[in-house]
Student: 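Structure below; questions to follow.
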Amino acid sequence: MTDRPSYAFLIVAAAAVVTIFAYAGALSGPFVFDDEHNIQRNPHIRIEALSPHALYAAAFQSPIPTRPVANVSFALNFFFNGYNVVGYRLINIVVHILSGFAVYALAAVTLALAGGLRDARRAPLIAAAAAALWMLHPLHTQSVAYIVQRMTSLATLFFLLSLVCYAHARLCPSPGRRAALLAGCAAAGLLALGTKEIAATLPVCLFLYEWFFFRGADPKWMRRNLGWLAAAVAATAAFGLLYMRTSDPVAYVMQAYAAEGSATATQRLLTQFRVVCLYIGLLLWPSPARLNLDHSFPFSHSLLDPPATLLALALILGVLAAALLLARRERLAAYAVLWFFGNLVIESSFIRLETVFEHRTYLPSVMPAIALAGWGLGRLRWRRAAVALPVALAVLGSAWTWQRCEVWGNAVALWEDCIAKSPGKARPYNNLGGTYMRLGRLPEAIPPLQTAVAIAPAYADAWYNLGYALMRAGDLDAGIAATQRLLEIEPENVMAWNNLGIAFLLRGDPAGAVQSLEKTVRLKPDYETAWNNLGVALKSTGDLNGARDSFARAIAIFPGYAEAYNNLGLTLKAMGDWAGAAEQFQQALRISPDYGAAAQNLKEVRTPSGG
């Protein structure tokens, strides 16, 4: 094998092809969780032209303006394919594959710098094995299939490119090329920081990379350069403050806990020791039976409640201590340990975020994958074993990834999988019910929604969905009761007041409908649908003037509202203004030429008997 780098590149390319097939099953899966907030309901990504103004609005006026690079990527997706989920996931797969090539580039240079291989000529092949196994690792399915987690994968890609540029700059003898590589390091680092907050650890990772691989983990060098380490830590902290957009981070964090009311910052921090151990277990054995979009994970209340908290802390401290003690002898392994825990610290600390999410392992897993490949394959004498082991792991990983993506590709299967693995958690039941509602399978939606509110009686979203499903299924009394229960929890839920008004109308209680819909438009004066519904309710009570004004208000808010024009026409007809009515019906038809009811109404007011 004379050209090992070429063979290595072919291995990574083959892994990329397998990755495409493994992830194909997830392409048509649903939008989930934060996809709705950041993509589906984000008007700023709905760009119609690639203008600087539109791209700027997408970048900095989206729900998370501190992630402009990711926001622009979603805007570009929308520009080319609207809300077609396949296009978004195809880009996610491409980003994942590019990250795999970046892992290969980082592994190749790092293994060469770290040494310790039985045969240094194997370094490119071992780097290729590390990249292939990382790319096909089933734990990464959430980072790829969960669309909004492009924020994680894209930040990781730029993070790795920054480190690769730095390593090659340090090795480059040409001053001009070195300057270009350092500029690339800075540019990729800034792009990573503009994609997701996890990139804030980059300055520390770069400093430690210099110490481990260019300074031989020399403690004397470290003591002489503690000031630079402090500067790297300060830069990370500064980025954190910038993301929080506050000068008082403690108050910022505590305020979030006060709003949540479910756990304290101390309890979350204690819980994360067990969560990190869960992540380690999933990295080592990522069977699809263990993977879950919505883990149910009880909080730790003290170091001994549960006792696993203390054991997890002891394990983490023991691994960190071993890494520091063996830093000079096992530089790659030590750096991988610090990399893993250091890149988890932002999302697995006291900051109030979801307790567990598998995508948080995406960046932290990179260096452990390289270290394990270097330690395992770099020391094998038997050449066949050195080939057979990674091939077997790649086959298993790709099979498990394919299996997991089949679940991601079907909304019902995804939430049923979550329910099977987190049977005591309300959210998967609510999401399954919501999925059935979107599919028009209302009888199937109601039982999981009832289970959700039984598990979590204060779960507002589940009460909303249950009320809506019951109303749509024809059980108006039960739907009204569920919606009223929601309004006890969230008295200013605009959508609930609107739904309640519609239900009262359908039940034959126009007075109750007017009361609910007037509350709706007081809470949200620019809610054109509620104004239209209020007009229908007022017309039912005989208040034609009020109905006319409500329909006119709906049209003023949304001039393209064909139904409101039709309803205004019916109201004017009832008031005896048939000419005015005809004008409204005509306008409705101009907006929606296939609007059959408006066409029939126009025909009626134009007949001789109609004046």
Side-chain angles (χ1 to χ4, degrees), residues 4-9 11-12 99-134 156 159-175 177-182 184-186 188-189 201-222 224-225 228-229 232 322-340 342-343 363-380 386:
R4 292 174 190 271
S6 297
Y7 277 102
F9 187 84
I11 290 170
V12 182
S99 295
F101 278 96
V103 171
Y104 165 68
L106 180 60
V109 67
T110 304
L111 289 169
L113 289 168
L117 302 180
R118 182 172 295 277
D119 183 352
R121 293 173 300 173
R122 287 187 182 180
L125 296 176
I126 295 172
L133 293 174
W134 182 87
T156 296
F159 193 108
L160 298 178
L161 290 176
S162 180
L163 201 54
V164 169
C165 286
Y166 178 80
H168 282 284
R170 289 286 284 109
L171 294 168
C172 184
S174 167
R177 189 178 176 195
R178 187 187 311 119
L181 286 166
L182 289 174
C185 170
T201 59
L202 180 58
V204 176
C205 288
L206 286 168
F207 177 86
L208 292 177
Y209 195 90
E210 172 73 23
W211 182 52
F212 274 101
F213 302 114
F214 291 105
R215 306 294 177 174
D218 181 2
K220 293 181 181 178
W221 185 90
M222 175 61 80
R224 290 196 305 270
N225 290 274
W228 286 107
L229 176 60
L324 294 174
L325 289 172
L326 298 174
R328 298 202 72 179
R329 193 168 66 186
E330 295 288 347
R331 289 181 293 152
L332 181 55
Y335 183 70
V337 168
L338 297 178
W339 170 288
F340 178 77
N343 282 307
L363 173 60
S365 67
V366 169
M367 198 55 67
I370 296 171
L372 286 171
W375 180 80
L377 301 178
R379 288 167 168 78
L380 286 175

Student: Provide the closest heavy-atom pair for M222 versus L208 in the form atom of the first, atom of the second, distance.
Tutor: CE-CD2, 4.3 Å

Student: Got a second to check how far L332's CG is from M367's CE, nearest 0.5 Å?
Tutor: 7.0 Å

Student: To check you understand the geometry: which heavy-atom pair defines the closest contact between A188 and S162, and what is its length?
Tutor: CB-N, 3.6 Å

Student: Mark yes when over 12 heavy atoms from residues, nucleotides or ligands other than W221 sit less than 6.0 Å from its CH2; otherwise mark no.
Tutor: yes

Student: Can you tell me how far the CZ atom of R170 sits from the CG atom of L182, to the nearest 0.5 Å?
Tutor: 9.5 Å

Student: State, yes or no, whether a side-chain contact exists between L171 and F214 at a heavy-atom distance under 4.5 Å.
Tutor: yes

Student: Just wondering, do N225 and W211 contact through their side chains at under 4.5 Å, heavy atoms?
Tutor: no

Student: Which heavy atom in L163 sits nearest to a heavy atom in C205, and how many Å separate them?
Tutor: CD1-O, 4.5 Å

Student: So how far is it from C185 SG to L202 CG, rounded to the nearest 0.5 Å?
Tutor: 6.5 Å

Student: For V164 and A102, which heavy atoms make the closest approach, and how far apart are they?
Tutor: CG2-O, 4.0 Å

Student: Take the angle between the ring planes of F101 and F9 and call it parallel below 30°, perpendicular above 60°, tilted in between.
Tutor: tilted

Student: How far does OG1 of T110 sit from CD1 of I126, to the nearest 0.5 angstrom?
Tutor: 13.0 Å

Student: How far apart are the closest heavy atoms of L160 and S99, and which atoms are they?
Tutor: CD1-O, 4.0 Å

Student: Once rounded to the nearest 0.5 Å, what's the spacing between atom CZ of F213 and atom OH of Y335?
Tutor: 6.5 Å

Student: Test your reading of the model: is there a side-chain donor-acceptor pair from R331 to the backbone of F212, 3.5 Å cut-off?
Tutor: yes

Student: Taking W134 for the side chain and I370 for the main chain, is one N or O donor matched with an acceptor at less than 3.5 Å?
Tutor: no

Student: Within this structure, what is the OG1-CG distance for the pair T201 and L363, rounded to the nearest 0.5 Å?
Tutor: 6.0 Å

Student: State, yes or no, whether a side-chain contact exists between H168 and V109 at a heavy-atom distance under 4.5 Å.
Tutor: yes

Student: For a side-chain contact (heavy atoms from CB on, under 4.5 Å) with F159, tell me which candidate from N343, V366, L106 qualifies.
Tutor: N343

Student: Could you go step by step and tell me if V12 and V103 meet the side-chain contact (heavy atoms from CB on, under 4.5 Å) rule?
Tutor: CA-CA 10 Å; V12 182; V103 171; over 6 Å; no

Student: Locate the shortest heavy-atom distance separating L111 from G374; write the atom from each residue and the value.
Tutor: CD2-CA, 3.9 Å

